[in-house]
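These notes are about the structure you will find just below.
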Amino acid sequence: MNQSSQSSSTQSGKYSIGFIGAGNMANSLINGLLATGFAAEDLWAADPDCTQLARLSGQQGIHTTSDNNVLVSHADVIVLAVKPQVIADVVRPLHEAIRERKALVISIAAGITATTLNRWLPDVAVIRCMPNTPALVGKGMTGLFATVQVSDQQKQSAEMIMRAVGETVWLDDETLIDSVTAVSGSGPAYFFLMMEAMEDAAIKLGLSERTARLLVQQTALGAATMVAETGEAPAQLRRNVTSPGGTTEKALGIFEQHHYQSLIAEALQGARDRSVELSEIIGKS
Ligand SMILES: NC(=O)c1ccc[n+]([C@@H]2O[C@H](COP(=O)([O-])OP(=O)(O)OC[C@H]3O[C@@H](n4cnc5c(N)ncnc54)[C@H](OP(=O)(O)O)[C@@H]3O)[C@@H](O)[C@H]2O)c1
C-alpha cells in the first residue's frame, strides 16, 4: 500500500483524482487516464480489497489506501465507483471532510440521483454519470448531469475523466439520465441479443460456429464504424445498401412485417420506465 502524505498535483495547479471502489469501472478509468497521460502520482484508489490495491500501486504506480478518509484528504475530485447499494454508507461518514475540502464528487452508480446524493452530501458539488459496459474496453458512452454547485472547471474535469474510456454527452435535465440508461446503459445488451440471434441463424444456414461468430462480429463492428466515421445517418446507410428486389430488401421486409422498429421503441420505453422506478426505490431506501 502506498500512502504519500501530500498531493503534488494541487501544488502545481492541477488536481488529484480519487476513486472510492477499485473494481471494474475504476480500473478502466484509471487505465484510461494513465493512457491519456494523467500522472500516476495524482491518482488515488480506496477499496477494502488489499490484493486489488497492491496490484494498482505495484503495476500502475498510483496511491492506494483501504481508508476512504485518507483518500478524501488527498483528492480534489472523488469518483464514487462502488455498487449503488453501499453508496449511502460510504459517503455519509465522509461528508464533512468532502465539504471542507470543496472536492467535486462524481458518481457513476446506476440509479442514484443527484438529489439523493446531495441529501447525503449537502453543499457538495455533485456530478452524476451513466457510463456503460464498453467503457471496460475504452469504447464507453457516458451521459453526465451536473448540479448547480458545479463549476465549469469541475465540469471539464469530469468530462476529461469519462472521456478516458469513451465518448461523453452532457444532459441539462437529470430525468434524461433515465433515457440514457435505456439507450446506451442497457444498449450493449440489445446489440448482443441481435448478434446472438444472427449467430444462431448463421449456424442454421450451414456455417460453423467460428465462422458465424466472425461474420457477425466483423459486420457489427463495420456497421458501427461506418456510422461513426461517415457521419451519415443509419437510415441513409441502410438505404444505400438496400437494392430493389435484392437480399437486403427481402430481410428488411421481414423485419418490418414483425414491427421491428416499434418493438425497439417499446423495449426502450420499458427500460426507461424501469430506470425511473429503480431510482425511486433507491431514493426511498
Ligand atoms: N461495470 C459497468 O459496466 C458499469 C456500467 C455503468 C455503471 N456502473 C456503476 O459503476 C459502479 C461500480 O461498478 P463496478 O462494475 O466497477 O463494480 P465492482 O467491480 O464491484 O467495484 C466496486 C468496488 O467497490 C468496492 N467497495 C465495496 N465497499 C466499499 C467501501 N466501503 N469503500 C470502498 N470501496 C468499496 C468493492 O469491493 P468488494 O468487492 O470487496 O466489495 C469493489 O472492489 C456501480 O455503482 C455501477 O452501478 C458500472
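For ligands, and for the atoms within them, numbers begin at 1 and follow the listed sequence. These numbers were taken from a predicted model, which means no experiment stands behind them.
Counting heavy atoms closer than 4.0 Å to ligand 1, residue Val82 contributes atoms from both its backbone and its side chain. Heavy atoms from both the backbone and the side chain of Ala110 come within less than 4.0 Å of ligand 1. Both the backbone and the side chain of Lys83 come within 4.0 Å of ligand 1, judged by heavy-atom distances. Contacts of Asn68 with ligand 1, taken as heavy-atom pairs under 4.0 Å, involve the side chain alone. Contact annotation for Ala135 and ligand 1: no heavy atom of the residue comes within less than 4.0 Å of the ligand.
A side-chain donor-acceptor contact under 3.5 Å links Asp47 to the backbone of Ala22.
Distance check: Leu29 CG to Thr142 OG1 gives 7.5 Å after rounding to the nearest 0.5 Å. To the nearest 0.5 Å, the span separating CD on Gln154 from CD1 on Ile106 amounts to 9.0 Å. In this structure, CG on Leu43 lies 12.5 Å from OG on Ser57, to the nearest 0.5 angstrom. The distance from atom OG1 of Thr230 to atom CD of Gln236, rounded to the nearest 0.5 Å, is 9.5 Å. If you take CZ on Arg272 and OG1 on Thr181, they are separated by 10.5 Å, rounding to the nearest 0.5 Å.
In terms of N/O distances under 3.5 Å, ligand 1 is not approached by Asp49. Annotation: Ile20 places no N or O atom under 3.5 Å from an N or O atom of ligand 1; distance criterion only. Polar contact with ligand 1: absent for Asn132 (N/O pair, distance under 3.5 Å).
The nearest heavy-atom contact from the protein to atom 8 (N) of ligand 1 is Ile108 O, 3.8 Å. The nearest protein atom to atom 1 (N) of ligand 1, hydrogens excluded, is given as Met25 CG, 3.6 Å; this is a heavy-atom distance. Atom 19 (O) of ligand 1 has its closest protein heavy atom at Asn24 N, 3.0 Å. In this structure, the protein non-hydrogen atom closest to atom 42 (C) of ligand 1 is Asp47 OD2, 3.5 Å. In terms of protein heavy-atom proximity, atom 30 (C) of ligand 1 is closest to Val90 CG2, 3.7 Å. Nearest protein neighbour of atom 21 (O) of ligand 1, counting heavy atoms only, is Gly23 CA, 3.2 Å.
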Check: residues 197-226 side-chain donor-acceptor pairs under 3.5 Å, at least two apart:
residue : atom : partner : partner atom : Å
Glu199  : OE1  : Arg213  : NE           : 3.3
Glu199  : OE1  : Arg213  : NH2          : 3.3
Glu199  : OE2  : Arg213  : NE           : 2.5
Ser208  : OG   : Thr211  : N            : 3.1
Ser208  : OG   : Thr211  : OG1          : 2.9
Thr219  : OG1  : Leu215  : O            : 2.4
Thr225  : OG1  : Leu221  : O            : 2.6

Residues 82-94, side-chain donor-acceptor partners within the protein, below 3.5 Å, at least two apart:
none

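Between Trp44 and His63, the two ring planes are parallel [angle under 30°; tilted spans 30° to 60°].
Scanning Pro131, Ala45, Pro134 for the heavy atom closest to atom 5 (C) of ligand 1 points to Pro131. Of all the listed residues (Pro84, Ala81, Ser66, Gly140), Ala81 holds the heavy atom that lies closest to atom 22 (C) of ligand 1. Distances from atom 27 (C) of ligand 1 to the heavy atoms of Pro48, Ser186, Ser184, Gly21 put Pro48 nearest.
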Run the side-chain hydrogen bond (donor to acceptor under 3.5 Å, both in side chains) check on Gln60 and Asn31 step by step: do they pass? CA-CA 8 Å; Gln60 312 288 38; Asn31 290 338; 2.3 Å; yes
From CA spacing to verdict: side-chain hydrogen bond (donor to acceptor under 3.5 Å, both in side chains), Thr175, Asp173: CA-CA 6 Å; Thr175 60; Asp173 172 355; 2.8 Å; yes
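Distance check on atom 45 (O) of ligand 1: some protein heavy atom falls below the 4.0 Å cut-off. Remark: atom 39 (O) of ligand 1 lies closer than 4.0 Å to no protein heavy atom.
Heavy-atom contacts of Thr133 reach the following atoms of ligand 1: 3 (O) (cutoff under 4.0 Å).
If you check the side chains of Gln156 and Asp152, you find no donor sitting under 3.5 Å from an acceptor.
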